[in-house]
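FYI, side chains are in, hydrogens and waters are out, and symmetry mates aren't considered; it's all heavy atoms of this structure. In the text below, chain A, chain B and the rest are named by the order of the sequence lines, each starting its count at 1. Values in this document were obtained by computation on a predicted structure and should not be read as measured data.
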Number of protein chains: 2
Amino acid sequence: MAIRPAEQLIHKAAWLYYAHGLRQDEVASQLKISRASVAMYLRKARETGIVNISTSTQLFTDDVMARKVEDAFKLDAVWIAPENAYVADPSTDIAVLAASVFLELVKKGDRIGVAWGRTVYTIADIMSYADLQDVTVVQLCGNLGAPYSYRPDQCTMEIARRLNAKGLNFYAPLVLSTEELAQGLRAEPVIRDQLAGISDCDLALYSVGAVDADSHLVKCGALTPAEMTALRKQGAAGVIAGQVIDAKGEVLDCDYNRRVISADLASLRAIGKRLMVVQEDSKLEPLLAAIAGGLCTHLVVGAHVAERLLEHAGAASKKAS
Amino acid sequence: MAIRPAEQLIHKAAWLYYAHGLRQDEVASQLKISRASVAMYLRKARETGIVNISTSTQLFTDDVMARKVEDAFKLDAVWIAPENAYVADPSTDIAVLAASVFLELVKKGDRIGVAWGRTVYTIADIMSYADLQDVTVVQLCGNLGAPYSYRPDQCTMEIARRLNAKGLNFYAPLVLSTEELAQGLRAEPVIRDQLAGISDCDLALYSVGAVDADSHLVKCGALTPAEMTALRKQGAAGVIAGQVIDAKGEVLDCDYNRRVISADLASLRAIGKRLMVVQEDSKLEPLLAAIAGGLCTHLVVGAHVAERLLEHAGAASKKAS
DNA sequence: CACGGCTCTCGACAAAAGTCAAATCAGCGC
DNA sequence: GCGCTGATTTGACTTTTGTCGAGAGCCGTG
């Protein structure tokens, strides 16, 4: 296989084209190949992250609303995707923004924790490629043998692939049938090491789930709709990395949570940058819970959710005074 | 001036085009402007660093020779520009590479020390734009009222401008006529603070000058050719940030050095990443001195100099054994 | 209020980049 | 040795992008 020379050529072509600003035909004659090949190499270079094209996400932090949300909830940084999007699908817009923000936050040598969900998978799916060799992507929670394409391990691996990073998977079920078994598995060296390594992460990427019948936990069979309703009554406000949290952002004391294998919230809070992405307008309550629990330092949301966050903050401060 | 809406438009256009991958005509219809304007906005976006296109410099570190030089001289990283360049001017090639490497090393929030010289100015000149608001570029040595376009303050300001960073200039002459005056000026609060702030830098960018009649010090009138020759006899091996160093990379004990206002070498050594760029083949001796003095952790050189570095290292180790 | 001077915007053309089917080449089993 | 398979490369074609001069809008000035 002539992959070595090809790799070299891709690098050289990318170098001449992007760094030196030569035209494709000039590159072609320098490298003594046809221009069409140059075009192909350049596409590969972009796809593999040999060249990085990134747009500043400043536009979305400059927003006054973003500043207000930052202040109101004491977050490190907030990005707001305009709702009156210029593009067809507003939820895609949030994911594209989230992917850019994510890439901006990642540094060389980082260890990144990734949770699971439709949102995270969408982000992974549209994320552009980058070449960050010494980055590790770890899975934050156990697996779910769901028929979905956004299984936890898929999210992790896809992001690792895009970044050209190492992917560290987590081969345990998210939820077991008994508490004892869960405890036993958590004590298992392979699993224990994985869980222990989570707090060493520099950056976490996750979303928050709603506590309703549409939740992934229900769709994947981890919980029945009835159990979900029951959890709601017990004070469940959201789902983070497979665990059910209450309105204060603490793990809900319930049978289900005790059977889950996932990063405990203290480990998550130990991660410096916790990037939370919320696409759906309906996830206001879970998001508030996550913020209350200090599970989020960096936030990407749509304008609509941002507005409602501010309304809520305003109401709360009024009540307090 | 309709510059505010324009700024917004540039951001939006860049966002839709680069992040969402729309075509220019699609962007144009979304934004309700002509495609020609979109093309113009995109150019501006590239020029101002709203979008970043960077190519991985891996190709040049992958080189086995680069590894050998790293090992032989205990450097953190070495990049080697191939001498049989694909481009017209080999020295430009080194500068382009150096600029890429430099941009790769800069992080948000960094403080960067920049020295002066043709090499540094060339790098500044071809460096692409970036948007790093919270970066500070400081000048490492005093000014020289030369008729050259690569005055120390110019180098600093140009790099600051390209990075969209703050530029901190150094308004003192590089060399004074008496030692007393130099001492007095160094004690001056404005100057003292500047000099004291140098060791807080995260990254330094400089080259090394040769001790000959072609040196900038001679061309700018700081030293006469005769003085230069005399210094050589006293053991001068190179020039760093306006100061004359000996073969061990220490400040040469001479009248000239005592009259200079510049970063002292200890401050330079305190900077974490010291990127040295050498274009000319003739600068082998100064480079060896700089390396010996621990003034360089990251190195960008042409293949020819790299070869000679290795020869030298080989000879030295043979002699030692 | 008309007048330059200024920048921004547009349409049309030229240049460059992307794409695809056909051709070429290397490796491999028969 | 021969022909097959699959990947790579090429030339020709189409689409997309860059550029330029003309014209439109805006402001301060006489």
Side-chain angles (χ1 to χ4, degrees), chain A residues 1-56 58-59 62 86-88 96 126 128-129 161-162 164, chain B residues 1-56 59 86-88 92 96 100 126-130 161-162 164:
Chain A
M1 186 134 82
I3 226 174
R4 268 314 106 192
E7 277 272 296
Q8 279 280 89
L9 271 181
I10 294 177
H11 266 101
K12 287 183 182 174
W15 180 248
L16 291 173
Y17 187 75
Y18 287 106
H20 282 272
L22 301 190
R23 272 181 284 112
Q24 289 190 357
D25 51 358
E26 295 182 288
V27 176
S29 65
Q30 290 278 350
L31 264 46
K32 308 223 196 316
I33 52 177
S34 79
R35 203 189 51 70
S37 298
V38 173
M40 197 208 58
Y41 287 147
L42 291 179
R43 183 156 39 73
K44 281 196 180 171
R46 281 185 301 257
E47 279 169 4
T48 52
I50 289 171
V51 307
N52 254 33
I53 303 187
S54 63
T55 64
S56 156
Q58 223 214 90
L59 173 63
D62 268 5
Y86 334 101
V87 276
V96 171
I126 50 89
S128 59
Y129 292 76
R161 195 172 70 83
R162 302 262 172 161
N164 223 323
Chain B
M1 188 134 84
I3 228 173
R4 266 318 104 190
E7 277 271 293
Q8 280 280 88
L9 271 180
I10 294 177
H11 265 103
K12 287 184 182 175
W15 180 246
L16 292 172
Y17 186 74
Y18 287 106
H20 284 271
L22 302 190
R23 273 184 277 107
Q24 289 191 355
D25 51 357
E26 296 181 288
V27 175
S29 63
Q30 290 277 353
L31 264 45
K32 308 225 196 318
I33 51 176
S34 79
R35 204 191 51 69
S37 298
V38 173
M40 195 206 59
Y41 287 148
L42 291 178
R43 183 158 41 73
K44 280 197 180 171
R46 281 186 301 256
E47 279 171 2
T48 54
I50 288 170
V51 306
N52 255 31
I53 303 185
S54 61
T55 63
S56 156
L59 173 62
Y86 333 103
V87 276
T92 304
V96 171
S100 289
I126 52 88
M127 186 181 299
S128 61
Y129 290 76
R161 194 173 72 83
R162 303 263 173 161
N164 222 325

Next on the checklist: Can you see if the side chain of Y17(B) gets near the phosphate of dT17(D) - specifically, an N or O under 4.0 Å from OP1 or OP2?
Outcome noted: yes
Item to check | Non-hydrogen side-chain atoms of V38(A) and I33(A) separated by less than 4.5 Å | outcome: yes
Checklist entry - Counting only side-chain N and O atoms of R23(A), is one of them less than 4.0 Å from OP1 or OP2 of dA14(C)? => result no
Checklist entry - How would you label the contact of L42(B) with the nucleic acid (heavy atoms, under 4.0 Å): base, sugar-phosphate, or nothing? => result nothing
Next on the checklist: Can you tell me if S34(B) touches the phosphate of dT9(C), counting only side-chain N or O atoms and a distance under 4.0 Å to OP1 or OP2?
Outcome noted: no
Checklist entry - With respect to the side chain of R46(A), which nucleotide from dG18(C), dT10(D), dT19(D) is positioned closest? => result dG18(C)
Next on the checklist: Distance check needed: dC10(C) P versus K32(B) NZ, whole Å only.
Outcome noted: 13 Å
Checklist entry - Hey, mind stepping through Y129(B) and R161(B) against side chain to side chain contact (heavy atoms under 4.5 Å, CB included) and telling me if it holds? => result CA-CA 8 Å; Y129(B) 290 76; R161(B) 194 173 72 83; 3.2 Å; yes
Next on the checklist: Return the CZ to OG1 distance between R162(B) and T48(B), rounded to the nearest 0.5 Å.
Outcome noted: 12.5 Å
Next on the checklist: If you compare every side-chain N and O of Q24(A) against the phosphate oxygens of dA15(C) (OP1, OP2), does one of them come in below 4.0 Å?
Outcome noted: no
Item to check | Euclidean distance, atom CD1 of residue I33(B) to atom C1' of dA24(D) [Å, nearest integer] | outcome: 16 Å
Item to check | Residue mapping more 5' on DNA chain C - nearest nucleotide basis, D25(A) or S37(B) | outcome: S37(B)
Item to check | Polar pair under 3.5 Å, donor/acceptor by atom type, side chain R35(A), base dG18(C) | outcome: yes
Item to check | Nearest to side-chain heavy atoms of M40(B), which nucleotide of dT9(D), dT19(C), dT9(C) | outcome: dT9(C)
Checklist outcome for this item: Here the distance between atom C1' of dC10(C) and atom OH of Y41(B), to the nearest Å, is 12 Å
Checklist entry - What is the nucleic acid contact for R43(B), judged by heavy atoms within less than 4.0 Å: base, sugar-phosphate only, or nothing? => result sugar-phosphate
Checklist entry - Once you round it to whole Å, what is the distance between P of dT8(D) and CG of L31(A)? => result 17 Å
Checklist outcome for this item: Note: V51(B) and A14(B) closest approach over all heavy atoms is CG1-CB, 3.7 Å
Next on the checklist: What verdict does the side chain to side chain contact (heavy atoms under 4.5 Å, CB included) test give for L42(B) and Y18(B), after you've listed the backbone C-alpha separation in whole Å, the side-chain angles of each residue and the deciding distance to 0.1 Å?
Outcome noted: CA-CA 9 Å; L42(B) 291 178; Y18(B) 287 106; 4.0 Å; yes
